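Letters A, B, ... mirror the listed sequences (proteins, then strands); counts begin at 1. As the structure is a prediction and not an experimental result, all values here were calculated from the model.
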Number of protein chains: 2
Amino acid sequence: MKENKFISIYEQLVDKIKRGDWRPNTKLPSENELVEQYQTSRETIRKALNLLSQNGHIQKMKGKGSFVLDVSRFDFPVSGLVSFKEVAEKLGHTSTTIVKEFELVKADQDLCTQLGATKKDLIWKVVRAREIDGEKIILDKDFFHKKYVPHLTKDICKGSIYEYLEKDLGLKISFAKKEISVDELTDEDKCYLDLKDYEHIVVVRNYVYLEDASLFQYTESRHRLDKFRFVDFARRGI
Amino acid sequence: MKENKFISIYEQLVDKIKRGDWRPNTKLPSENELVEQYQTSRETIRKALNLLSQNGHIQKMKGKGSFVLDVSRFDFPVSGLVSFKEVAEKLGHTSTTIVKEFELVKADQDLCTQLGATKKDLIWKVVRAREIDGEKIILDKDFFHKKYVPHLTKDICKGSIYEYLEKDLGLKISFAKKEISVDELTDEDKCYLDLKDYEHIVVVRNYVYLEDASLFQYTESRHRLDKFRFVDFARRGI
DNA sequence: AAGTGGTCTAGACCACGGG
DNA sequence: CCGTGGTCTAGACCACTTC
């Protein structure tokens with residue numbers, strides 16, 4: 001497995017931090033020292049350090065040095081989002097997926113706007129309920145362009161569609177837009193989920209784009225109010 | 001105003017895209033051509049292009065080139081979050097801020113954990129209701145360490161505390177952690193907001209860190225369910 | 001003055017895409 | 001094959017912090 005040098009160095013540095021070789025709030029070796037240690041150029045070291053910084057592991061300070069951040073304060077994975085399902089699985093709760101709908105449909109008006117499709121396009125529609133500790137609390141509705149995903153089975157949907165797309169089909173996701181809002185319940189929600197007597201539901205709409213900037217997937221993830229949690233870690237950019 | 005070369009080039013390129021000199025889905029000049037045009041080195045051009053990519057303006061494809069993305073599909077500012085207040089103001093709705101509480105308090109147990117403070121620390125507590133089109137729909141609770149913000153007035157709180165901290169005090173924010181969840185109403189919510197008959201409220205908790213990685217601000221932004229909206233745009237990283 | 005990270009340069013080689 | 005973006009190098013100068 002060939003890997004870029006700066007990524008390899010980045011991973012080695014993350015390891016050192018995680019193992020505690022470098023404690024929080026202490027200073028890392030200077031860039032020039034790291035150049036010596038890893039027998040590479042300064043720009044390569046800097047790429048690795050920038051990765052560490054972007055991912056919340058260190059804080060760089062001009063004139064002073066790079067310092068290890070106390071990640072224990074960021075109680076969960078320092079970047080991206082954490083869905084309740086992921087948290088539940090990390091904490092060892094049982095989690096099952098029930099495929100409620102699985103079919104190939106023609107794009108209707110709504111889907112056309114969401115997916116940027118035309119009326120003749122064929123779209124995979126997958127509706128799955130997520131049950132955690134015996135309660136069905138998340139409803140995931142996925143829509144894919146068939147032209148990007150020619151083959152799909154119910155069995156794949158029981159597992160991780162995401163893994164199938166990335167690992168088996170080799171589709172490369174380049175960016176995604178997320179929208180979070182709170183909507184009123186639909187009949188579908190009431191039918192497929194255990195909702196207690198809540199009248200609203202948290203909706204996460206996800207628009208996923210491929211490397212060539214084409215929109216290929218629209219996902220709607222509907223979470224019961226009390227079980228919703230979203231974490232976001234952001235560094236300041238320009 | 002002295003500026004880095006790669007940032008200056010980045011801004012010129014953004015301008016060209018926004019003005020339509022380069023249309024969506026067309027190819028940008030190659031990196032080597034840009035090196036010629038801007039009389040600089042390739043690494044500098046690459047830094048500028050990476051900024052464009054991170055901010056969702058272009059898509060780089062190995063072996064092919066850099067392509068202008070159709071940002072009109074990302075209906076709102078392509079990065080970061082968009083609160084209802086910001087959207088409302090963009091659309092020209094009236095928006096006022098009412099300072100409900102403004103005081104210097106000793107950190108209680110709850111604040112100690114949220115702000116990483118000790119019991120002796122003095123903390124600014126500011127509670128503000130946001131009224132949009134005549135309805136009070138957002139309650140912002142802000143807490144700052146006094147040691148970072150020695151002086152604060154009610155007048156500042158009526159405007160933008162954020163601007164005061166960054167522009168006037170020169171505090172440099174380096175990163176922030178956000179947590180979104182849905183909570184039950186508190187008496188405070190009921191007292192300060194126009195809540196119709198909703199029983200829940202969307203809570204955005206914001207932990208803000210300075211350049212030296214010290215936690216200096218904790219903000220709780222409480223949004224009426226029907227007026228909450230959060231947008232997030234993310235590129236894939238390592 | 002010495003050490004730190006931030007920027008910039010000029011040049012090299014690579015992997016990928018398309019003719 | 002050539003042009004593309006991705007990585008890597010060695011060296012330079014700057015701005016900032018600390019002594």
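- Taking the ring pair (Phe, Tyr, Trp, His ring centres under 6.0 Å) definition, one finds that A:Tyr38 meets it with nothing, sequence neighbours left out.
- For the pair A:Ile7 CD1 and D:dT7 P, the interatomic distance rounds to 7 Å; values are reported in whole Å.
- Distances shown here put every side-chain N or O of B:Ser30 at or beyond 4.0 Å from the OP1 or OP2 atom of D:dG3.
- Heavy-atom distances to DNA chain D give each of B:Leu49 and A:Phe6 a nearest nucleotide, and the one nearer the 5′ end belongs to B:Leu49.
- Listed by chain and residue number, nothing satisfies the side-chain hydrogen bond (donor to acceptor under 3.5 Å, both in side chains) test with B:Asp108 (two or more places apart in sequence, or in another chain).
- Taking atom CZ of residue A:Phe67 and atom C1' of nucleotide D:dT18, one finds them 12 Å apart after rounding to whole Å.
- Rounded to whole angstrom, the span from the NZ atom of A:Lys47 across to the P atom of D:dG6 amounts to 9 Å.
- For the pair A:Tyr10 OH and D:dT7 C1', the computed distance is 18 Å after rounding to whole Å.
- Within residues 32-46 of chain A, the residues approached by DNA chain C to less than 4.0 Å at the level of any non-hydrogen atom are A:Arg42, A:Glu43, A:Arg46, in residue-number order.
- The shortest distance between the side-chain N/O atoms of B:Lys60 and the OP1/OP2 oxygens of D:dG6 is below 4.0 Å.
- Every side-chain contact (heavy atoms from CB on, under 4.5 Å) that A:Lys158 has, sequence neighbours left out, goes to A:Val99, A:Asp155.
- With ring centers used as reference points, B:Phe144 lies 6.0 Å or more from B:Tyr218.
- Across the protein-nucleic acid pair, A:Glu3 atom CD and C:dA15 atom P stand 15 Å apart, rounded to whole Å.
- The NZ-P distance, from A:Lys5 to C:dC13, rounds to 15 Å in whole Å.
- The side-chain contact (heavy atoms from CB on, under 4.5 Å) test with B:Leu13 is passed by exactly one of B:Ile58, B:Val68, B:Leu52, B:Asp21: B:Leu52.
- With sequence neighbours excluded, no residue forms a ring pair (Phe, Tyr, Trp, His ring centres under 6.0 Å) with B:Phe67.
- Contacts of B:Val35 classified as side-chain contact (heavy atoms from CB on, under 4.5 Å), with partners at least two apart in sequence or in another chain: B:Arg42, B:Ile45.
- Whole-Å rounding puts the A:Gln59 CD to C:dG6 P distance at 10 Å.
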Using a cutoff of under 3.5 Å, can you pull out all pairs of nitrogen or oxygen atoms linking the protein to nucleotides 17-19 of chain C, with atom names and distances?
none

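- Rounded to whole angstrom, the span from the CG atom of A:Asn4 across to the C1' atom of C:dC16 amounts to 14 Å.
- For B:Lys146, the side-chain contact (heavy atoms from CB on, under 4.5 Å) partners are B:Leu104, B:Leu122, B:Trp124, not counting sequence neighbours.
- Annotation: side-chain contact (heavy atoms from CB on, under 4.5 Å) contacts of B:Glu36 (sequence neighbours excluded): B:Gln39.
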